[in-house]
Amino acid sequence: MTDLNCRHTPNPPVEIGCDTGQLALCLAEHGASSEDAQAVIRKFGQLLSTAPLRVERLFVSVQPLHPDFRARTYLWLAKDDRVRVIEWPHGLKNRQGYSSSPDHHVHTTGTELRVPDLQNTPPSRCNLYDELRLDGFTDYLIIPLRFSGGTINTLSIATRQPGGFSKGCLAAFRRLADLLAALLERFVAVENLDTALRTYLGRHAGSQVMRGEIRLGEGQLVEAVVLFADLHDFSSLSAQ
């Protein structure tokens, strides 16, 4: 059983129940001390795996502001307690299979989607359901993960537990989603600011601003060599 290292959870390792307050307190504590979103998602997966939900697969997709990619996904699996991170390039919505994916459903409708009996779900255009069924999963749920600016990200869970998820524990999970969104938005907001500054000011100047060097009139003395050169026949070449 996973040692959650939560100060407010007595004598870990311990089985966490579906009490929202206890889960939220432990998640908030880890979120405040974690250095990145990946660490928060790993701790969230550990919490949900020891709760009666018995989550064995946790997936999060967020949309940071970045010139090189549109979305970043995090996949945590209980079997190895590791988070896999993938950055998806722009044009994500045009990739094959996206229109039939559960992510597309959430992004376009803003509502959750549940597949409660995966083992008896007929083959579909969505490869994910087939993969989950073959891997022994019994229940799947994906819900919107909303940021304050209106961005709809996604959060999904899956279990191999016979009978799937209970209604009571799913209600607790939905309440925890808002807390997870707030924790992740903090990391994404800092990343967005850093990306914008580096893109429009340059890597060095952007890093200086992020460190708080923003006072008007501030400068820095540097040792430099300046080269003045003349290109032979520049005027005639530039006229061509």
Side-chain angles (χ1 to χ4, degrees), residues 1-32 34 37-62 73-83 102-103 105-106 109-121 126 128-129 131-133 135-147 152-185:
M1 187 172 293
T2 303
D3 184 345
L4 298 176
N5 296 320
C6 179
R7 292 195 303 270
H8 300 284
T9 303
N11 302 319
V14 65
E15 182 173 288
I16 303 294
C18 280
D19 175 60
T20 309
Q22 186 184 26
L23 287 167
L25 189 61
C26 214
L27 177 60
E29 178 182 313
H30 286 304
S34 296
Q38 189 170 338
V40 173
I41 291 168
R42 178 170 177 259
K43 291 297 182 183
F44 193 43
Q46 292 174 345
L47 281 170
L48 296 181
S49 69
T50 58
L53 278 169
R54 290 292 183 267
V55 169
E56 296 181 64
R57 183 186 189 274
L58 175 70
F59 177 85
V60 177
S61 176
V62 296
T73 59
Y74 304 84
L75 174 62
W76 174 85
L77 298 175
K79 63 182 180 181
D80 60 7
D81 191 27
R82 187 166 65 90
V83 178
D103 283 84
H105 170 87
V106 174
T109 68
T111 62
E112 68 177 47
L113 174 66
R114 185 182 178 191
V115 185
D117 191 4
L118 279 168
Q119 291 303 310
N120 293 315
T121 299
C126 179
L128 174 63
Y129 302 150
E131 293 172 1
L132 292 175
R133 183 176 62 253
D135 204 14
F137 286 93
T138 59
D139 202 342
Y140 172 84
L141 172 71
I142 184 169
I143 66 174
L145 198 63
R146 301 178 187 274
F147 283 1
I152 297 179
N153 306 286
T154 60
L155 166 65
S156 73
I157 54 175
T159 184
R160 294 186 179 90
Q161 186 172 214
F165 299 123
S166 70
K167 291 183 178 179
C169 286
L170 282 182
F173 167 73
R174 293 184 182 98
R175 290 192 291 271
L176 285 172
D178 289 337
L179 174 58
L180 179 65
L183 294 173
L184 294 181
E185 186 170 10

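As the structure is a computational prediction, the values presented were derived from the model and not from experiment. The figures here come from the full heavy-atom set of this structure, side chains too, leaving out hydrogens, waters and symmetry mates.
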Report task. Using modelled atom types only, decide if a donor and an acceptor are shared between the side chain of Thr138 and the backbone of Thr159 within a distance under 3.5 Å. Result -> yes
Query raised in the report: What's the shortest heavy-atom distance between Leu27 and Leu179, and which atoms?
Result: CD2-CD2, 3.9 Å
Query - Backbone of Asp135 reached by a side-chain donor or acceptor of Arg160 within 3.5 Å - result: yes
Report summary line: Tightest non-hydrogen contact, residues Gln161 and Pro52, listed as NE2-O, 3.2 Å
Requested in this report: Could you walk me through whether Phe147 and Leu184 pass the side chain to side chain contact (heavy atoms under 4.5 Å, CB included) test, one step at a time?
Outcome: CA-CA 9 Å; Phe147 283 1; Leu184 294 181; 4.2 Å; yes
Query raised in the report: To the nearest 0.5 Å, how far apart are OG1 in Thr121 and OH in Tyr140?
Result: 12.0 Å
Query raised in the report: Please walk me through it: do Phe59 and Asp103 pass side chain to side chain contact (heavy atoms under 4.5 Å, CB included)?
Result: CA-CA 11 Å; Phe59 177 85; Asp103 283 84; 3.9 Å; yes
Report task. Begin with the C-alpha distance, continue with both residues' side-chain angles, and end with the deciding distance and a verdict on side chain to side chain contact (heavy atoms under 4.5 Å, CB included) for Asn153 and Val60. Result -> CA-CA 8 Å; Asn153 306 286; Val60 177; 6.0 Å; no
Report task. For a side chain to side chain contact (heavy atoms under 4.5 Å, CB included) with Ile157, tell me which candidate from Leu170, Asp139, Ile142 qualifies. Result -> Leu170
**Report entry** Contact summary for Pro144 and Glu112, nearest pair of heavy atoms
**Finding:** CD-N, 4.0 Å
Report task. Please tell me if the side chains of Val55 and Phe165 come closer than 4.5 Å, counting only heavy atoms from C-beta onward. Result -> yes
Report summary line: NZ of Lys43 to NE2 of His30, rounded to nearest 0.5 Å, is 5.0 Å
Requested in this report: Look up atom CG in Leu183 and atom OG in Ser34, then write down how far apart they are to the nearest 0.5 Å.
Outcome: 8.5 Å
Query raised in the report: Where is the tightest heavy-atom contact between Gly45 and Trp76, given as atom of each residue plus distance?
Result: O-CH2, 3.2 Å
Requested in this report: Heavy atoms only: give me the nearest Leu47-Thr50 pair and the separation to one decimal.
Outcome: O-OG1, 3.0 Å
Report summary line: CD1 (Ile143) and CD1 (Ile152) are apart, to the nearest 0.5 Å, by 12.0 Å
**Report entry** CG-CG distance between Leu77 and Leu75, expressed to the nearest 0.5 angstrom
**Finding:** 4.5 Å
Query raised in the report: Between atom CD of Gln46 and atom CD1 of Ile41, what is the distance when rounded to the nearest 0.5 Å?
Result: 12.5 Å
**Report entry** Steps toward side chain to side chain contact (heavy atoms under 4.5 Å, CB included) verdict (Tyr74, Val40)
**Finding:** CA-CA 11 Å; Tyr74 304 84; Val40 173; over 6 Å; no
